[in-house]
Amino acid sequence: MSEPATIHIAFADLVALLERIFVKHGVSTSNARILAENCAGCERDGSLSHGIFRMAGYVSSLDSGWVDGMAVPVVEDVGPAFVRVDAKGGFTQPAFSAGLPLLLDKVRENGVAVLAIRRSHHFSALWPDVEPFAEKGLVALSVVNSMACVVPYGGNKAVFGTNPIAFASPRAGKPPFVFDQASSAIAHGDVQIAARAGHELKPGMGVDRDGQPTTDPKAILDGGALLPFGGHKGNSIALMVEILSAALTGGYFSGEFDWSGHKGAQTPFTGQFFVVIDPERGGNDSFAARVGQICDLVLEAGQDRLPGDRRHLTRAKAEQNGIPLSAESHERLKALAGD
Ligand code: NDP
Ligand code: PYC
């Protein structure tokens, strides 16, 4: 059987194509640029569950009227180290971008600051939100909740979202140390990809509509649910993410928003929380070098790679050769753009 045809597209060209799709489906030009860069960055880095695979979901959510592509976020200065943003029913990334300058001012002034975003739709990976802080010499942690599709450990009803947590730290002489992981055993996007490809999942990732363990991704998507990673420990992390992203920010819990009136809606309407720290204030000596040291110790001890290493390698290849896309996906994107 012949291999499916692949094209290689430059980052800027992919951004331009995705931007046209967003604008065609009701997103303002400024919001479209932010979303397009975010999505193209995921594709470039091989974060395929949140790259161009997501464009159909963005479009159907926009077309359903569930998310406001034109939303203008409102930034509030609520304390010496506290920034709040109301995304006004729009996507999270433009809200984050609007709050960022004030957040950075406060981090530089106080050594630490937090950002609470509410009434926002996050449909992407989290690493693009934290990695740029580490590139500026800062340490950042962020969490976001999503849509109820994870049964608590030992439970029988989906309460949590897939609730990722991402962390970034500068590391001397190397790209920052960044991890970005769902608190479910697998991201919902990867279940969709497995279902589309006809692949089984590993055991321990989900249950079917009767609550029975299954490795069939279609059974998970068809009335079943995911499990937290690491049993009761993942449960606590997922619960913490709900508390920080929703209870604290004034956003919805993953099971609280009602999208039933918007056929085709896919983007969770929740909240996101950040803590950003200037490590220079920690009383340490050579913070980034110390991070490099501990990372090296982990590798010397036998871990074959660190989180983020695969992404950075994939990015380097894409910067050299272009971003690989199947010709079929490229055609699908052009159709969404109305080309
Ligand atoms: P993975 O399990 O694929 O990866 C989680 C982390 O572990 C990554 O930082 C990854 O680094 C690292 N990693 C993977 N394999 C290894 C290994 N062998 N050794 C060392 N490190 C490793 O991610 P998830 O499935 O948990 O999540 C996928 C994406 O889905 C995330 O980007 C997340 O933000 C997103 N998501 C978004 C949600 C939302 O509401 N917006 C909800 C849930 C998930 P590397 O990237 O370099 O492989
Ligand atoms: O992959 O779990 C996921 C996800 C939820 C919302 C966006 N991505």
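All figures in this text were calculated on a predicted structure; none of them were measured in a lab. When a ligand or atom number is given, it counts from 1 through the structure's own listing order.
- The shortest N or O to N or O distance between T162 and ligand 2 is below 3.5 Å.
- Note on D63 versus K263: no salt bridge recorded, every NZ/NE/NH1/NH2 to OD/OE distance being 4.0 Å or above.
- Numbered from 1 in the order shown, with element, the atoms of ligand 2 that lie under 4.0 Å from a heavy atom of H188 read 1 (O), 2 (O), 3 (C).
- For atom 41 (N) of ligand 1, the nearest protein heavy atom is under 4.0 Å away.
- For the pair F123 and ligand 2, the shortest N or O to N or O distance does not fall below 3.5 Å.
- Looking at heavy atoms from C-beta onward, L299 lies in side-chain contact with L306 at the 4.5 angstrom threshold.
- Aromatic rings from F269 and W66 are positioned such that their centres are separated by under 6.0 Å.
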Query raised in the report: Given H122 and T92, is the side chain to side chain donor-acceptor pair (under 3.5 Å) satisfied, shown in steps?
Result: CA-CA 5 Å; H122 201 300; T92 313; 5.1 Å; no
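- Of all protein heavy atoms, the one lying nearest to atom 48 (O) of ligand 1 is R310 NE, 2.7 Å.
- For a threshold of 3.5 Å applied to N or O pairs, the pair formed by A182 and ligand 1 contains at least one separation below that value.
- Between S124 and ligand 1, a contact under 3.5 Å exists for at least one N or O pair.
- Ion pairing between a basic and an acidic side chain is recognised when a charged N comes within 4.0 Å of a carboxylate O; K106 and E109 show no such pairing.
- Under the 4.0 angstrom criterion, atom 11 (O) of ligand 1 counts as having a protein heavy-atom contact.
- In this structure, atom 3 (O) of ligand 1 is not in close contact with the protein, since no protein heavy atom lies within 4.0 Å of it.
- At least one heavy atom of P268 lies less than 4.0 angstrom from ligand 2.
- Taking a cut-off of under 4.0 Å to the non-hydrogen atoms of D190, the atoms of ligand 1 that pass are 25 (O).
- Surrounding CD of Q303 are more than 12 heavy atoms belonging to other residues, nucleotides or ligands, all under 6.0 Å away.
- Under the 4.5 Å side-chain heavy-atom criterion for ILVMFWY residues, no single connected hydrophobic cluster contains both L48 and I186.
- Side-chain contact check for S146 and T162: at least one donor-acceptor pair (N or O, by modelled atom type) lies under 3.5 Å.
- Neither the backbone nor the side chain of S184 has any atom closer than 4.0 Å to an atom of ligand 1 (non-hydrogen atoms only).
- Using a 4.0 Å cut-off to heavy atoms of S146, the atoms of ligand 1 that qualify are 40 (O).
- Under a cutoff of 6.0 Å and an axis angle of 45°, R54 and F123 form a cation-pi pair.
- Salt-bridge annotation for D309 and R171: present, with a side-chain N of the basic residue lying under 4.0 Å from a carboxylate O of the acidic one.
- Ligand-side atoms of ligand 1 in range of A125: 32 (O), 34 (O), range being under 4.0 angstrom from any heavy atom.
- Using a 4.0 Å cut-off between charged nitrogen and carboxylate oxygen, E76 and R118 count as a salt-bridge pair.
- For the atom pair OG1 (T215) and CG (L201), the distance works out to 7.0 Å, reported to the nearest 0.5 Å.
- Residue-ligand proximity: R54 is placed with a non-hydrogen atom under 4.0 Å from ligand 2.
- Considering backbone and side-chain N/O of H50, one or more are found under 3.5 Å from N/O of ligand 2.
- Ligand 1 has no N or O atom lying under 3.5 Å from any N or O atom of W127, backbone or side chain.
- The six-membered or imidazole ring of F91 lies near that of Y58, with a centre-to-centre distance under 6.0 Å.
- Considering backbone and side-chain atoms together, Q181 places no N or O closer than 3.5 Å to any N or O of ligand 1.
- The shortest contact between atom 1 (O) of ligand 2 and any protein heavy atom is with G189 N, 2.9 Å.
- Of all atoms in ligand 1, numbered sequentially from 1 with element shown, those under 4.0 Å from a heavy atom of F179 are 9 (O).
- With respect to the salt-bridge test (charged N to carboxylate O, under 4.0 angstrom), the residues R311 and D180 do not qualify.
- Using a 4.0 Å heavy-atom cutoff, H312 is absent from the residues neighbouring ligand 1.
- Geometrically, ligand 1 and N145 share no nitrogen or oxygen pair separated by less than 3.5 Å.
- Counting heavy atoms under 4.0 Å from ligand 1, residue R305 touches it through both backbone and side chain.
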Requested in this report: Could you walk me through whether V114 and F274 pass the side-chain contact (heavy atoms from CB on, under 4.5 Å) test, one step at a time?
Outcome: CA-CA 5 Å; V114 301; F274 290 81; over 6 Å; no
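- The protein heavy-atom contact nearest to atom 9 (O) of ligand 1 is D180 N, 3.1 Å.
- When each atom of ligand 1 is checked for a heavy atom of G308 under 4.0 Å away, the hits are 11 (O), 45 (P), 47 (O).
- Considering backbone and side-chain N/O atoms, P268 never comes within less than 3.5 Å of an N/O atom of ligand 1.
- Of the N and O atoms on the side chains of Q272 and D129, at least one donor lies less than 3.5 Å from an acceptor on the other residue.
- Every N/O-N/O distance between D190 and ligand 2 stays at or above 3.5 Å.
- Interface atoms of ligand 1 facing D309, defined by a heavy-atom separation under 4.0 Å, are 47 (O).
- Of all the heavy atoms of H50, the ones lying under 4.0 Å from any atom of ligand 1 belong exclusively to the side chain.
- Taking 4.0 Å as the cut-off between side-chain N and carboxylate O, D339 and R20 count as a salt-bridged pair.
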